[in-house]
Amino acid sequence: MENTEKKSRNFIQEIIDEHNKINRFDKKVHTRFPPEPNGYLHIGHAQSICINFGIAEEYGGKTNLRFDDTNPTKEDIEYVESIKEDVKWLGFHWDGDVRFASDYFDRLYDFAVQLIKKGVAYVDSSTLEEIKEERGTPTEAGKESKYRNRPIEESLDLFERMKNGEFKDGEHVLRAKIDMSSPNMNMRDPIMYRIRHAHHHRTGDKWCIYPMYDWAHGQSDSIEGITHSICTLEFENHRPLYDWFIDQLGIHHPQQIEFARLNLNYTIMSKRKLLRLVEEGYVNGWDDPRMPTISGLRRRGYTPKAIRNFADRVGVAKRDAVSDVSLLEFSIREDLNQRARRAMAVLNPLKVVITNYYENKVEELEAVNNPQDETMGKRLVPFSREIYVEQHDFQEVPHRRFYRLTKGSEVRLRYAYIIKCEEVIKDENGNVIELHCTYDPETKSGGSSTKKVKGTIHWVSAKHAVNAEVRLYDRLFNAEFPEADKEKDFTEFINHDSLTVLKNCKIEPSLVSAKAGENYQFERNGYFCIDSKDSTEEHLVFNRTVTLRDSWAKISGKK
RNA sequence: UGCCGGAUCGUCUAAUGGUAGGACAACGGCCUUUGACGCCGUCUGUAGAGGUUCGAAUCCUCUUCCGGCAACCA
């Protein structure tokens with residue numbers, strides 16, 4: 001029932017529908033995507049981007065891109081640029097200019113003064129340890145600070161002097177005066193400002209006090225007129241605090257809605273752990289094609305459309321969930337099947353001599369560029385007496401359902417002729433190094449011959465072949481849930497065979513013009529793309545995006 | 001044992017008091033000049049116990065299990 005599938009609403013859409021019904025936000029929908037510029041975006045962020053931009057699009061609303069840059073010691077402009085690029089690459093357009101929480105530092109400061117004057121915020125001169133001590137535990141109420149009831153004037157004065165740089169880091173903080181015995185830890189007089197004599201990537205040295213995320217975030221949303229602040233589950237407990245700030249200030253009140261973040265099996269999503277993979281050299285950078293980062297997926301050959309389709313299929317809900325990576329793979333295969341140009345490439349070459357073919361003859365054979373899309377046209381592929389085929393397409397002792405080359409068997413060369421394997425040449429160690437075959441001139445592709453064989457294999461003309469390096473990627477972790485074992489570090493589950501480099505691949509000549517950003521299907525092998533960093537005209541490097549579905553692997557695994 | 005949230009096929013997600021459906025995965029078959037694609041079919045699920053009701057995944061009660069919360073991080 002496609003019909004019901006289209007009509008079904010996720011819980012966020014239901015909430016917005018209800019708001020529109022009761023006219024809560026004048027039927028407006030304005031969302032935002034608010035990353036902290038302290039790392040690269042991953043597939044989980046991609047889902048959040050799709051939700052925020054997708055929801056707004058659906059309701060004819062807008063989405064802001066705002067960097068929550070409230071901690072100058074962790075953040076960097078490099079990350080700002082990469083995040084902007086990733087959002088654009090996914091195909092989304094933010095409303096107006098990129099925003100920064102730091103754009104609102106002056107207003108946040110004024111808001112804070114307002115709350116101090118109102119008697120609901122105070123400067124606390126306790127030490128870090130004292131504050132920690134007095135916060136209590138989830139099951140035990142906290143204690144009020146001895147500075148909690150200091151006169152408003154005194155707090156005002158101290159806060160201004162904090163701003164003016166009269167104190168060292170950690171000497172004072174500004175706290176909201178709420179309830180030290182609240183069962184919600186976030187309401188136990190949370191810290192609003194801390195002193196940090198640090199250089200900020202945008203405001204420079206203007207400030208030496210910086211707002212905490214909890215104090216900056218809700219007000220930033222309010223200032224921007226956000227209607228629906230969509231965020232992940234861990235901020236659910238913070239919502240009462242955000243609501244409290246907004247209500248105390250009497251400003252525009254967005255509705256926060258929390259959803260369960262995306263998890264994927266056989267990988268990790270924590271920025272901190274991803275950083276470790278990079279720093280400890282398990283991968284070659286944030287955009288290593290094995291990384292679940294958007295930049296890694298892009299380099300691997302994933303398309304924005306595949307990622308967006310994946311996000312749609314996974315859906316959104318409030319329960320914790322781990323999605324199956326096979327769904328991501330399905331999404332990229334589905335997209336690439338439609339758009340990727342086909343080509344022939346032999347990854348592990350085995351030489352074949354067609355003994356009854358003319359010594360110097362070359363035929364240009366017509367090959368379809370994409371059987372799913374006629375408009376992609378055809379190309380010519382050179383054929384000659386010596387070709388390369390895949391080592392795996394020959395079996396000396398064939399599996400009973402093996403339809404390819406074995407001594408005496410016939411197989412079709414894709415877009416060319418049917419050949420028969422006559423002789424197997426081995427080296428002194430007994431390794432098969434060459435096959436001698438004969439071809440049937442009557443069976444030229446497109447001809448009138450009705451001869452049928454069960455197997456068809458790809459090939460590349462030896463004298464026309466171009467050498468290339470091909471990198472095959474496998475999952476980065478062997479364990480389905482690398483973080484689940486509390487005893488072991490996640491790095492113990494790293495798959496040490498996640499990268500296989502093949503340096504002696506033979507590709508058809510038309511592939512020399514391949515450019516980064518294009519997707520190809522190497523027939524019977526998988527989807528591949530030029531590596532955007534390491535490939536050069538002299539030394540082509542291809543990345544395998546994903547294999548084709550391989551039912552032969554299942555058959556051969558049995559017997 | 002505090003507060004907040006959650007529990008539907010193997011996985012993800014619908015059904016909002018009226019036939020538990022879809023996608024992925026798996027399995028079987030058809031098709032095939034890609035063992036691809038496509039097509040057809042099969043399998044598997046409401047955490048448990050009570051209750052309300054003609055009728056409960058849905059409402060009520062109790063239980064069990066899972067996640068989050070004690071950075072001057074976000």
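Letters A, B, ... are given to chains in the order of the sequence lines, protein chains preceding strands, and every chain is numbered from 1.
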query: Ring centroid separation for A:Tyr242 and A:Phe235, is it under 6.0 angstrom?
result: no

field: Aromatic ring proximity A:Phe528/A:Phe542, centre distance under 6.0 Å
entry: no

Would you classify [X] as touching base, sugar-phosphate or nothing, given that sugar-phosphate means primed atoms plus P, OP1 and OP2, and contacts are heavy atoms under 4.0 Å?
X	value
A:Thr232	nothing
A:Arg549	sugar-phosphate
A:Met344	nothing
A:Lys454	nothing
A:Lys271	nothing
A:Arg414	base
A:Ser445	base
A:Gln521	base

field: First encountered from the 5' end of RNA chain B, between A:Leu327 and A:Val173
entry: A:Leu327

- line: Nearest-nucleotide check on RNA chain B, A:Ile195 vs A:Ala416; residue mapping nearer the 5' end is A:Ala416

message: Quick check for you: among B:A25, B:A74, B:U34, whose closest atom lies nearest to any side-chain atom of A:Pro371?
response: B:U34

task: Can you check whether any acceptor in the base of B:U34 is under 3.5 Å from a donor in the side chain of A:Arg342, or vice versa?
output: yes

query: Is there a donor and acceptor pair closer than 3.5 Å between the side chain of A:Arg524 and the base of B:U34?
result: no

With [atom1] as the reference atom in both, quote the distance from [N] to [M] in angstrom, rounded to an integer.
N	M	atom1	result
B:U8	B:C66	P	14 Å
B:C24	B:C43	C1'	15 Å
B:A26	B:U33	C1'	29 Å
B:A47	B:A57	C1'	12 Å

- line: Base orientation of B:A71, chi within 90° of 0 counted as syn, else anti, reads syn

Can you confirm whether the side chains of [X] and [Y] place a donor and an acceptor under 3.5 Å from each other?
X	Y	answer
A:His217	A:Asp68	yes
A:Tyr417	A:Glu363	yes
A:Ser331	A:Arg313	yes

field: Watson-Crick or G-U wobble mate for B:A71, both contacts under 3.5 Å
entry: none

statement: Applying the 3.5 Å cut-off to both distances, the Watson-Crick or G-U partner of B:A15 turns out to be none

